[in-house]
Amino acid sequence: MTSSAAEGPGSSMKDESKAILSGTVASADVTGTIGSAEEALSDRLDGSDLPRQLLGDAYPRLSIFHDKLLREGVLKGIIGPRDQEILWERHILNSAAILPFIEEALNEGAQDSVADLGSGGGFPGIIIASCLHEAHITLIEPMERRVQWLSEVIDDLKLDNVTILRSRAEDLVDQPTGQRPGHKASDKQRHASATRHTQYQVLTCRAVAPMRKLAPMALPLILPGGRLVALKGKSAPQELEKAKQVIAKSHGINSQVFEAPVGDGLEPTHVVVVEKRK
């Protein structure tokens, strides 16, 4: 099964994405390396027009984000030292590869709500918020220092479509709406309140947990007919196969893995898409 994908927000990244799994495991020859190859790519991107071409109107904001990560990311424990030389490729453009899948899910849904589970340093939530201005993005993050980082980023990028929710996914599942905790970080931000979404049209995440653990945490937070759209590594097909029963028990259907392009000459990534049964 093949689908297409756009190398930039609002285009057709998914049209070039390759569905490599639909209910059964398919092989994928995708490898990732850390070292000289990625260093060469990052050096090339420093003077390359590729980020600007792929990110379009979101590039100025995300360039500010990139520079903040470069200056403060290691010191504040947001990224590792080796990530400094591959920020565009590994974190920002990799996160942007998920955009067409989110846009498709929003276009087919009744709401424009997107939640980023375990948002951490803002991957992919800050990238989504910067690119999809009409969507309302909730960044779900339990750690106070990362919540503070996200608050700073939102202010620096002047994002007005973002809510920060300080919580663990486990604490949100089956919790009454009136008990949802919100984090107040600044007067300029919108923050989760007792009347905000109890469920979301789209829930996304990156490197949160294997699918067999992620599904029962994430799917209860998704509206019926909505989708889980998760950035994953090369083991995504195997993860999905192991999680089939748990996904079904959590009301997930039509699980697929797509190989999504990141940019010309860059390592593709994997996106897992699971629908929530209506």
Side-chain angles (χ1 to χ4, degrees), residues 77-78 95 98 101-102 105-106 109 111-129 135-151 153-154 162-185 190-233 235-236 239-240 242-253 255 270-277:
I78 302 300
S95 293
I98 206 172
F101 301 90
I102 294 173
L106 290 175
Q111 293 193 16
D112 63 356
S113 57
V114 179
D116 182 28
L117 186 64
S119 196
F123 313 112
I126 291 295
I127 288 80
I128 296 168
H136 183 84
I137 315 301
T138 299
L139 308 178
I140 303 174
E141 170 56 45
M143 294 183 62
E144 174 62 29
R145 64 181 177 84
R146 290 178 179 170
V147 166
Q148 182 58 42
W149 164 266
L150 293 170
S151 297
V153 171
I154 290 168
V162 183
T163 292
I164 300 172
L165 179 58
R166 187 183 176 194
S167 181
R168 300 186 312 156
E170 299 91 328
D171 296 332
L172 296 177
V173 174
D174 296 328
Q175 187 179 76
T177 306
Q179 296 179 16
R180 291 232 167 173
H183 172 81
K184 186 174 181 180
R190 300 177 182 177
H191 296 280
S193 68
T195 58
R196 201 62 194 171
H197 305 291
T198 56
Q199 293 178 307
Y200 305 90
Q201 188 66 40
V202 179
L203 189 139
T204 187
C205 60
R206 188 177 90 147
V208 169
M211 284 302 300
R212 67 181 181 276
K213 294 183 179 179
L214 179 63
M217 287 193 296
L219 287 167
L221 302 178
I222 299 172
L223 287 163
R227 295 180 191 175
L228 169 63
V229 182
L231 278 165
K232 284 286 182 180
S235 64
E239 281 191 35
L240 202 54
K242 292 176 181 177
K244 283 196 303 184
Q245 291 185 351
V246 122
I247 289 172
K249 186 176 180 181
S250 302
H251 307 289
I253 59 173
S255 305
H270 288 80
V271 177
V272 170
V273 178
V274 181
E275 294 181 30
K276 175 79 171 285
R277 188 164 60 239

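On a predicted model such as this, the values are computed, not experimentally measured, just so you know.
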Looking only at heavy atoms, what is the nearest atom pair of Gly121 and Trp149, with distance?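 That closest heavy-atom pairing would be O-NE1, 3.0 Å.
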Between Ser95 and Leu231, which heavy-atom pair has the shortest distance, and what is it?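 Looking at all heavy atoms of both residues, the closest pair is CA-CD1, 3.8 Å.
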Check the pair Ile222 / Val274 against side-chain contact (heavy atoms from CB on, under 4.5 Å), numbers first and verdict last. CA-CA 10 Å; Ile222 299 172; Val274 181; over 6 Å; no
Check whether any side-chain heavy atom of [X] sits under 4.5 Å from a side-chain heavy atom of [Y], and report yes or no.
| X | Y | result |
| --- | --- | --- |
| Ile247 | Leu240 | yes |
| Pro224 | Gln199 | yes |
| Leu228 | Val272 | no |
| Leu117 | Thr204 | no |
| Leu139 | Ile126 | yes |

Within this structure, what is the [atom1]-[atom2] distance for the pair [X] and [Y], rounded to the nearest 0.5 Å?
| X | Y | atom1 | atom2 | answer |
| --- | --- | --- | --- | --- |
| Ile127 | Ile102 | CD1 | CD1 | 10.5 Å |
| Gln201 | Ser113 | CD | OG | 6.0 Å |
| Gln148 | Ile164 | CD | CD1 | 8.5 Å |
| Thr138 | Leu165 | OG1 | CG | 7.0 Å |
| Leu223 | Tyr200 | CG | OH | 10.0 Å |

Sequence-distant partners of Ser119, side-chain hydrogen bond (donor to acceptor under 3.5 Å, both in side chains), two or more places apart: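 Partners of Ser119 by the side-chain hydrogen bond (donor to acceptor under 3.5 Å, both in side chains) criterion, ordered by chain and then number, come out as Asp116.
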By side-chain hydrogen bond (donor to acceptor under 3.5 Å, both in side chains), which residues pair with Arg145, not counting sequence neighbours?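 Scan of Arg145 (side-chain hydrogen bond (donor to acceptor under 3.5 Å, both in side chains), adjacent residues dropped) gives none.
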Identify each donor-acceptor pair in which a side-chain atom of residues 205-217 lies under 3.5 Å from a protein atom, sequence neighbours left out, and give them as a table.
{"residue": "Arg206", "atom": "NH1", "partner": "Arg90", "partner atom": "O", "Å": "2.9"}
{"residue": "Arg206", "atom": "NH1", "partner": "Asn94", "partner atom": "OD1", "Å": "3.4"}
{"residue": "Arg206", "atom": "NH2", "partner": "His91", "partner atom": "ND1", "Å": "2.6"}

Decide side-chain contact (heavy atoms from CB on, under 4.5 Å) for Thr163 and His136; before the verdict, give the C-alpha distance in whole Å, the side-chain angles of both, and the deciding distance to 0.1 Å. CA-CA 8 Å; Thr163 292; His136 183 84; 2.7 Å; yes
Partner residues of Glu141 under the salt bridge (Lys or Arg N to Asp or Glu O under 4.0 Å) criterion, sequence neighbours left out: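 Glu141: no salt bridge (Lys or Arg N to Asp or Glu O under 4.0 Å) contacts found.
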Please name all residues satisfying side-chain contact (heavy atoms from CB on, under 4.5 Å) with Ala105, sequence neighbours left out, ordered by chain then number.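 Here the qualifying residues are Val202, Arg227.
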For Val162 and Leu150: C-alpha separation, side-chain torsions, deciding distance, then whether side-chain contact (heavy atoms from CB on, under 4.5 Å) applies. CA-CA 10 Å; Val162 183; Leu150 293 170; over 6 Å; no
Any donor-acceptor pair under 3.5 Å linking the side chain of Arg277 with the backbone of Gly252?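 Pair absent, no side-chain N/O of Arg277 close to backbone of Gly252.
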